[in-house]
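Only one structure is covered here, and it is reproduced in the block below.
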Amino acid sequence: MNGSSSHLRPGDLLIVAGLLLVLFHTVRLVAGAPPLAARVLGIAGGLALIVAGLRMRGGGERS
């Protein structure tokens, strides 16, 4: 081993950003923070970031 146990792959930061965005907007949605459309769009944007990160990592390939 070269002394480094953690290695970020391409797309990892997008996945983390998407998870944080989904978590933030879900908590605000449950708390009843207005406006509703902004919460829904925030969650959708976070999911899009997660999907983009998974595709960058190669998780979207099908045979």
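Screening residues 21-37 for salt bridge (Lys or Arg N to Asp or Glu O under 4.0 Å) gives no qualifying pairs among residues at least two apart or on separate chains. Applying the salt bridge (Lys or Arg N to Asp or Glu O under 4.0 Å) rule to pairs touching residues 6-18 yields D12-R57, sequence neighbours excluded.
Heavy atoms only, all atoms of each residue included: T26 and V22 are closest at OG1-O, 2.6 Å. Taking every heavy atom of both residues into account, G18 and L49 meet most closely at CA-CB, 3.8 Å.
Within the hydrophobic cluster formed by Ile, Leu, Val, Met, Phe, Trp and Tyr side chains joined at under 4.5 Å, directly or through other members, L13 is accompanied by L8. Through side-chain heavy atoms spaced under 4.5 Å, either directly or across other Ile, Leu, Val, Met, Phe, Trp or Tyr residues, V16 is tied to L20.
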Which atom pairs, one a donor and one an acceptor, fall under 3.5 Å between side chains of residues 29-42 and the rest of the protein, sequence neighbours left out?
from : atom 1 : to  : atom 2 : distance (Å)
R39  : NH1    : H25 : ND1    : 3.0

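Residues L23 and L47 do not share a hydrophobic cluster, defined by chaining ILVMFWY side chains whose heavy atoms lie under 4.5 Å apart. Tracing side-chain contacts under 4.5 Å through hydrophobic residues (I, L, V, M, F, W, Y), one reaches L19 starting from I43; they form part of the same cluster.
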